[in-house]
Each structure stands twice: as structure tokens, then as C-alpha cells.
Amino acid sequence: MSIIIGLLANILGLYLAHLWVAGFTVSGDWKGYVVAGLVLGILNLIVRPILKIISFPLIVISLGLFLIVINAIILWLAAQLTNYIVIENLIALLWATLIIAAVNFIAHWFK
């Protein structure tokens with residue numbers, strides 16, 4: 001059940017970021033959101049822990065703010081792996097990352 005909630009949170013986060021962030025788009029219809037949400041979830045499951053281990057000193061020094069950079073890297077990787085996510089600039093990447101992270105944080109309460 002928690003996997004489904006995580007997938008729905010990723011899809012909702014991508015949708016809200018698409019609506020609210022200029023320069024961040026998810027192309028396609030619902031299929032684009034599902035594929036992008038799945039890729040984002042798989043990257044969060046596999047790549048994110050590795051990046052957190054490697055950058056642990058930076059996370060500690062920045063009091064956890066470096067986790068935003070890690071989340072942005074994961075979102076950028078998802079955009080590179082799928083043709084559904086288009087990120088036009090760094091500001092759009094940062095805002096989309098914050099929106100998706102906020103949705104996932106709220107969805108974590110329901111897991």
C-alpha cells in the first residue's frame with residue numbers, strides 16, 4: 001500500500017509542479033505522469049540512498065539543506081531518463097523539487 005501512495009504522491013507532485021512552475025512541464029496525458037512518477041520512485045528507491053551516503057558530510061554541515069540538492073539531482077535524472085519531463089532552467093528545477101518534496105512529505109503521513 002505504501003508503494004501505491006508513494007507513486008500517487010509523485011504523480012500529484014509532478015502535476016502540481018507542472019501547474020505552478022514556469023519552465024517545468026510534463027508532456028503527454030496521464031501516461032506521461034505515471035511513467036515519470038514510476039521513474040522518480042525507482043530513482044528515489046535506488047539512487048537517493050547512495051547519494052545520501054556519499055554526501056553525508058555535506059548534509060551534516062548544511063544541517064540537512066543539501067538534501068534539496070540531492071532531490072534536485074534525482075528529478076533531473078528522471079527528466080534525462082524519460083521524454084516526459086522537460087526542465088528549462090535551474091530555477092524551475094529548484095521550485096519543482098520543493099513542490100514534489102512537500103507533496104511527498106505530506107503523503108508520508110498516510111503510509
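FYI, the numbering just counts along the sequence from 1.
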About how many Å separate [atom2] of [Y] and [atom1] of [X], when rounded to the nearest 0.5 Å?
{"X": "Y33", "Y": "L12", "atom1": "OH", "atom2": "CG", "result": "10.5 Å"}
{"X": "I99", "Y": "N104", "atom1": "CD1", "atom2": "CG", "result": "12.5 Å"}
{"X": "L43", "Y": "I74", "atom1": "CG", "atom2": "CD1", "result": "5.5 Å"}
{"X": "L38", "Y": "L7", "atom1": "CG", "atom2": "CG", "result": "5.0 Å"}

Among residues at least two apart in sequence or on other chains, which ones pass side-chain hydrogen bond (donor to acceptor under 3.5 Å, both in side chains) with N44?
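By the side-chain hydrogen bond (donor to acceptor under 3.5 Å, both in side chains) rule, N44 matches no residue at all.
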Taking only residues two or more places apart in sequence or in another chain, which ones pass side chain to side chain contact (heavy atoms under 4.5 Å, CB included) with [X]?
{"X": "F66", "result": "S55, L58, I59, S62, V69, I70"}
{"X": "A96", "result": "A17, F24, L75"}
{"X": "T82", "result": "V35, V39, Y84, I85"}
{"X": "N89", "result": "I91, A92"}

Cluster question for you: counting only ILVMFWY and a side-chain heavy-atom cut-off of under 4.5 Å, with indirect links fine, are [X] and [Y] together?
{"X": "W30", "Y": "V103", "result": "yes"}
{"X": "L16", "Y": "L8", "result": "no"}
{"X": "V26", "Y": "L77", "result": "yes"}
{"X": "L65", "Y": "V60", "result": "no"}
{"X": "I73", "Y": "L90", "result": "yes"}

Closest non-hydrogen atom pair between [X] and [Y], with its separation:
{"X": "N71", "Y": "A101", "result": "ND2-CB, 4.1 Å"}
{"X": "L40", "Y": "A78", "result": "CD1-CB, 4.0 Å"}
{"X": "G37", "Y": "L14", "result": "N-CD1, 3.6 Å"}

Qualifying ring pair (Phe, Tyr, Trp, His ring centres under 6.0 Å) pairs with a residue from residues 87-111, counting only residues at least two apart or across chains:
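For residues 87-111: F105-W109.
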Is the number of heavy atoms from other residues, nucleotides or ligands within 6.0 Å of CG (L19) greater than 12?
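More than 12 within 6.0 Å, yes.
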